[in-house]
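In listed order, ligands and their atoms are each counted from 1.
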Amino acid sequence: MSDTAAKPATTAEDTLKQKARDGSVVSGGHLVAKALKAEGVDTIFTLCGGHIIDIYDGCLDEGIRIIDVRHEQVAAHAADGYARQTGKLGCVVTTAGPGCTNAVTGIATAFRSESPVLHIGGQSALSQWKMGGLQDLPHVDIMKPITKFASTVMSTERVADMVSMAARECFAGAYGPSYLEIPRDVLDREIPIEKAVLPKPGHYRASVKSIGDPAAIEKLADILVNSERPAILLGQQVWAARGHQEAIALLRGLDIPGYFNGAARGLLPPGDPHHFDRTRSLAFGKADAIIIVGTPFDFRMGYGKRITAPCLVQIDQDYRTVGKNRDVTLGLVGHPGAVLAAVLQAASGRLKNDKRQARREWMKMLSEAEDKATEKLMPLFKSDQSPIHPYRVAWEMNEFLTDDTIYIGDGGDVVTISAQAVRPRSPGHWMDPGALGSLGVGTGFALAAKLAHPQKEVLCYYGDGSFGMTAFDMETADRFKAPYLAVIGNNSAMNQIRYGQMAKYGAQRGNIGNKLGDVEFSKFAHMLGDHGEEVREASQIRPALLRAREAIAKTGRSAVVNIWVDPNEYAPGTKNQTMYK
Ligand SMILES: Cc1ncc(C[n+]2csc(CCOP(=O)(O)OP(=O)(O)O)c2C)c(N)n1
Ligand SMILES: [Mg+2]
């Protein structure tokens, strides 16, 4: 018999607690935790509030880790980041009212990035429904447009059932977030356990590994064995759905050049013969067949309008994305890994030698063009100008990355630039906000990445504007022994916007509303008890990064390297961004 069970009950509360321990009654909060456990959730990201504390009590019983942050935006980004890093449901728990609204940006980011996140929020008691309770808001109405599913839970009996329902919705088609609001009396009430609807782990969801229409698989196999200059773009769904091994097998099996965007960056390491990243326009301009997998024709793809290849195939988890914004030759709906494995099988042994030879030449041509493009960037990458050129920082970071570094970009221009130099070495080692373009994702992503993979190094490259948005949760990373390296490209401005403004309004009027103070962020690190350095010369970037790495290993705390970059240097595309035209 355990110590707790041996203690006699003294108060009514104790009696209830004892009953709960006996397993004869269960509260709504404990049902939440049981359902999360059934879904494989091992960590929740949260900021406390009276409406939700019973969920914490349940998580203690179920052995679910509670990571409490300083701002709900970070909790939501962390839940998203944790989903991206683990391939499982992420979970954020917020209190009613401002707890929910603070998390909106994180959930909206997950929505545009198709990340499976369950957001559970508190609400005033049903007994005070619409009476003007503390922190009362129409949460479900607020969350509906940025989730796949949003609902109130109306009874304690249904709490676990509705958590499972919301989780199922997160994985329907393209993944995404769900929101559940649980009123306080529903959450706190205790009911006999046999009255609760408790879906059985592994029995309330079907496999998502659908291949769609087998006839379309055959058609795509035909296309791929008959083309001479095919190219494949792998998008974030390939990684999110963990279809990357099948995707890589297809590239290698049929000798096709692969391009990678967003979270798919790093699915193949740089230097791999099927990895390409500087010649997408060239390849798409000359290809006779282009296959787009798991990424929409949105602004990042020019809405697909520039593609002129005679054959364009689109594969997506979401039926609504295929053929959206432009016509396609063939559309397939299904799980990217399952579809590509089926296509490879259907094409197996059918690629003729002359076609394979043609592809090798095609890839050789692209590969030479890649080398030329890199050579062209080299003078910028190697620049030793003072103030430091932002391209040099990007290059130094790429040199500094190990095979085990997860790279996160959170900023404007400096991060856009970094994408030209940073080559993640492994799947999941590149994280960016995705289509919402939300600044401030970095701290939550870094916290989540380190918690998901304590043995890996996590480097977040921030703009100084972005860092200011969520940096305080670096303390949370330290508190939970999830240290990471924050590198800041500091130009004392919201520079990406500044350039656009100057291009449109001229140097005088363009400098309004976008300049920031000169902040020595190393002092912020010192305040937290962390290692922090200022870097003002290009030659000092590498030594500072190495010292920071060493400090993190030695102290188990985060580090900040604040690099002062030239505010007058920027990415080539920035000034001409179409949004300013
Ligand atoms: C939350 C949010 N607010 C505003 C923007 C618009 N925005 C895009 S880039 C940028 C500048 C970011 O500044 P910083 O992080 O310092 O990077 P820099 O461009 O200076 O390199 C801004 C404000 C945004 N994308 N997200
Ligand atoms: Mg800046």
Heavy-atom nearest pair, P433 first then G409, reads CD-O, 3.7 Å
Per-atom filter on ligand 1: closer than 4.0 angstrom to a heavy atom of N495 are 18 (P), 19 (O), 20 (O)
Under 4.0 Å from one or more heavy atoms of N491, ligand 1 contributes atoms 18 (P), 20 (O), 21 (O)
So the atoms of ligand 1 within less than 4.0 Å of a heavy atom of S466 turn out to be 15 (O)
request  = May I ask you to establish whether R326 and Y303 are in a cation-pi arrangement, using a distance under 6.0 Å from NZ or CZ to the six-membered ring centre and at most 45° from the ring axis?
outcome  = no
Near the Mg ion (ligand 2), protein N/O/S count under 2.8 Å comes to 3
(Q) Under 3.5 Å, is there a donor on one side chain and an acceptor on the other for T405 and H429? (A) no
The side chain to side chain contact (heavy atoms under 4.5 Å, CB included) partners of K515 (sequence neighbours excluded) come to R498, N511
Residue, atom and distance of the protein heavy atom nearest atom 9 (S) of ligand 1 read Q496 OE1, 3.4 Å
So for D464 against ligand 1, with non-hydrogen atoms under 4.0 Å, the contacting part is both
Contact region, P390 to ligand 1, non-hydrogen atoms below 4.0 Å, reads neither
In this structure, atom 4 (C) of ligand 1 is nearest to the protein heavy atom L439 CD1, 4.0 Å
protein heavy-atom neighbour closest to atom 25 (N) of ligand 1 works out as G437 O, 2.8 Å
Output yes when a side-chain donor or acceptor of S113 lies under 3.5 Å from a complementary backbone atom of T109, and no otherwise. yes
Among non-hydrogen protein atoms, atom 16 (O) of ligand 1 lies closest to G465 N, 2.7 Å
Worksheet entry | Beyond-backbone contact of T416 with Q496, side-chain heavy atoms, under 4.5 angstrom | yes
Do A493 and ligand 1 have an N or O pair less than 3.5 Å apart?
yes
Is any side-chain N of the basic residue among R542 and E399 closer than 4.0 Å to the acidic one's carboxylate O?
no
Exercise for review: May I ask you to test the P270-R425 pair for a side-chain heavy-atom distance under 4.5 Å?
Suggested key: yes
Requested in this report: Decide whether the shortest distance between a heavy atom of G489 and an atom of ligand 1 is less than 4.0 Å.
Outcome: no
The protein heavy atom nearest to atom 6 (C) of ligand 1 is I497 CD1, 4.1 Å
Paired with T443, the side-chain hydrogen bond (donor to acceptor under 3.5 Å, both in side chains) test is passed by just one of T476, T470, D473, namely T470
message: I'd like to check whether G412 has a polar contact with ligand 1, where a contact means an N/O of the residue lying under 3.5 Å from an N/O of the ligand.
response: yes
So Y461 and V415, do their side chains get closer than 4.5 Å, heavy atoms only? yes
For atom 18 (P) of ligand 1, the closest protein heavy atom turns out to be D413 N, 3.4 Å
field: F400 side chain near R549 side chain, heavy-atom distance below 4.5 Å
entry: yes
*Can a donor-acceptor pair be found between the side chains of D42 and Y82 at a distance below 3.5 Å?*
yes
Nearest heavy-atom approach of A247 to L234 is CB-CD1, 3.8 Å
Exam field: side chain E457 to backbone I406, donor-acceptor pair closer than 3.5 Å: no
| Polar atom proximity, V414 to ligand 1 (N or O, under 3.5 Å) | yes
One finds that the ligand 1 atoms under 4.0 Å from a non-hydrogen atom of G411 are 15 (O)
